[in-house]
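Inspection log for the structure reproduced underneath, given as structure tokens.
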Protein chains: 2
Amino acid sequence: MSTGSDQQDIKREKILEAAYQRFLHYGYSKTTMNEIAGDLSLSKALLYYYFPDKSQLYIAVMRKLAGEYIQDLENKLNTFVNLKEAFVSQIDTQHNFIVKNYNFFDFFRVNEQNLPDTIWEIITEIHQTEMVLLSAAIKTEADKGNIKPVDNPEQIVDLLLDALHGVRVSAVSHKKVMFPQKEHLDEIHTKRLLLLDIFIKGLMY
Amino acid sequence: MSTGSDQQDIKREKILEAAYQRFLHYGYSKTTMNEIAGDLSLSKALLYYYFPDKSQLYIAVMRKLAGEYIQDLENKLNTFVNLKEAFVSQIDTQHNFIVKNYNFFDFFRVNEQNLPDTIWEIITEIHQTEMVLLSAAIKTEADKGNIKPVDNPEQIVDLLLDALHGVRVSAVSHKKVMFPQKEHLDEIHTKRLLLLDIFIKGLMY
DNA sequence: TTTTGATAATTTTGTTTAAATAGTCAGTTT
DNA sequence: AAACTGACTATTTAAACAAAATTATCAAAA
């Protein structure tokens, strides 16, 4: 894939890491290319040698994060005891991902409705992975006879992910706060588990 | 409740109607008090005789709309054949309400995170009504023995409303559009019915 | 090939002024 | 007295401009 030298890749990684820290701490608009370069004791011009522009740098970091998230999810979902555990894993993993990188995503909130296509591609890729892993889980359970046969597992997963998302969104918009407080996190988690329970029961005979 | 004369109430209503039309057509920030007054061939000063300020006028319209919505919902939910029909009524009624008044709600989008408390109270009131009506439906069905006994119907309704909301939100944010197109509306509706199906099955024995 | 300092181009920020709009009030009409 | 208005003031928004910050480029050095 990559055509650059090892040295180049290492430096690229270092830049990505420094950029990530800045973006995470101060958000996209409040970090300057100068600062990132300064953190690494490099000239700003060098950043433009490795990345075409600021937004591409941001996207590269995003891509890296997404890769780690997907890896994380795959590890956890490779072995699951039952359907509920599988979805709990997804919920927890996604939750941690969002909490850990919350400030990083300010770019999303600011650019709201006109995110670059590349970002959408990354989001889609994550969604696809979740769909594949979880619908495989559903299929397995159906084959084992633990739930009713499902003719379109993807549809079911898609639906459940939407529903789970709704629990988060509602909790946030109700309380007039942008991000759920610690107290709300538990509430969301509890609600999701309950939803999962009912939903999975609804898939049984 | 009201202490004013009939004449006053009638004029108040006329102002509310004219204001509603303007807000609906042009949104909050693009309608001026002058225009509303002009539509009624009244002086702007008179508006301030009936309403303390612009935002209060807007809120009064909002309150009226909410009242109509609640009335609508109560009528439809007074008689329901089964749980699914009850929730379908809620889904459809809410959907129509939002579609019909979409532009009116630009105020919400603009002021996003710092809506006046009064608005929140109205939203809460709507939510409460939905909770009362739908949890009554659940109780009725449970008493009839069509579903499992539920010790906290409100919790179940709250959860389902969140989940249904999620179907809408995801559909919107996925497609990079602010408001779902005609084609998406059907998709959302179908998804919701499916969710409802599974969810209600999950409540059965 | 990698790196930089100097510089150009663009975006953001701050300031001023003019225009539009919200909101007030003394006084007129019913 | 209650309903209403025209003329006024106060605030908010918009436009125009300059200054500052930041992104992005490039010829030349390491």
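Chain naming here is simple, since letters A, B, ... match the order of the sequence lines and numbering starts at 1 in each. None of the values given here were measured: they were computed from a predicted structure.
Among all heavy-atom pairs drawn from L57(B) and L16(B), the shortest one is CD1-CD2, 4.1 Å. Between A19(A) and V61(A), the closest heavy-atom pair is CB-CG2, 4.1 Å. When all heavy atoms are compared, the tightest approach of K191(B) to D158(A) is NZ-OD2, 2.8 Å.
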- Message: For DNA chain D, please output the secondary structure as dot-bracket, reading 5' to 3'. Pairs are Watson-Crick or G-U wobble, both atom distances under 3.5 Å; mark crossing pairs with [ ], other-strand partners with |, unpaired with a dot.
- Response: ||||||||||||||||||||||||||||||
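At a threshold of 4.0 Å, the pair D143(B)-K139(B) does not count as salt-bridged, since none of the basic side-chain nitrogens sits closer than that to a carboxylate oxygen.
Residue pairs meeting the salt bridge (charged side-chain N to carboxylate O under 4.0 Å, His left out) criterion with at least one member in residues 44-65 of chain A, sequence neighbours excluded: E13(A)-K64(A), E17(A)-K64(A). Within the structure, side chain to side chain donor-acceptor pair (under 3.5 Å) pairs that include any residue of residues 84-93 of chain A comprise K84(A)-D197(A), Q90(A)-E130(A), D92(A)-H189(A) (at least two apart or interchain).
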- Item | Candidate pair F97(A) and F105(A), rule ring-ring contact (aromatic ring centres under 6.0 Å, His included), full reasoning | CA-CA 11 Å; F97(A) 179 64; F105(A) 297 126; 5.8 Å; yes
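Under the side-chain contact (heavy atoms from CB on, under 4.5 Å) criterion, N96(A) pairs with no residue at all, not counting sequence neighbours. For E121(B), the side-chain contact (heavy atoms from CB on, under 4.5 Å) partners are D117(B), T118(B), not counting sequence neighbours. Contacts of V132(A) classified as side-chain contact (heavy atoms from CB on, under 4.5 Å), with partners at least two apart in sequence or in another chain: none. Partners of N75(A) according to the side-chain contact (heavy atoms from CB on, under 4.5 Å) rule, which considers only residues two or more places apart in sequence or in another chain, are Q71(A).
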- Query: Nucleotide by nucleotide, 5' to 3', does protein get under 4.0 Å of the base (B), only the sugar-phosphate (S), or neither (-) in nucleotides 1-6 of chain D, counting heavy atoms?
  - Reply: -SBBBB
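Atom CZ of F51(A) is separated from atom P of dT23(D) by 15 Å (rounded to the nearest Å). Between the CG atom of N34(A) and the P atom of dA20(D) there is a distance of 18 Å, given to the nearest Å.
Checking side-chain atoms of S41(A) against main-chain N and O of A37(A) turns up no donor-acceptor pair under 3.5 Å.
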Hey, can you pull the donor-acceptor pairs under 3.5 Å for the side chains in residues 23-36 of chain B, sequence neighbours left out?
{"from": "Y28(B)", "atom 1": "OH", "to": "S55(B)", "atom 2": "N", "distance (Å)": "3.4"}
{"from": "T32(B)", "atom 1": "OG1", "to": "E35(B)", "atom 2": "N", "distance (Å)": "3.0"}
{"from": "E35(B)", "atom 1": "OE1", "to": "T32(B)", "atom 2": "N", "distance (Å)": "3.0"}

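For DNA chain D, no neighbouring residue in residues 12-33 of chain B is found when judged by any heavy atom under 4.0 Å.
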Any N/O pairs under 3.5 Å between the protein and nucleotides 28-30 of chain D? List them or say none.
none

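Contacts between chain A and DNA chain C, taken as any atom within less than 4.0 angstrom of a protein heavy atom, begin and end at dT1(C) to dG5(C).
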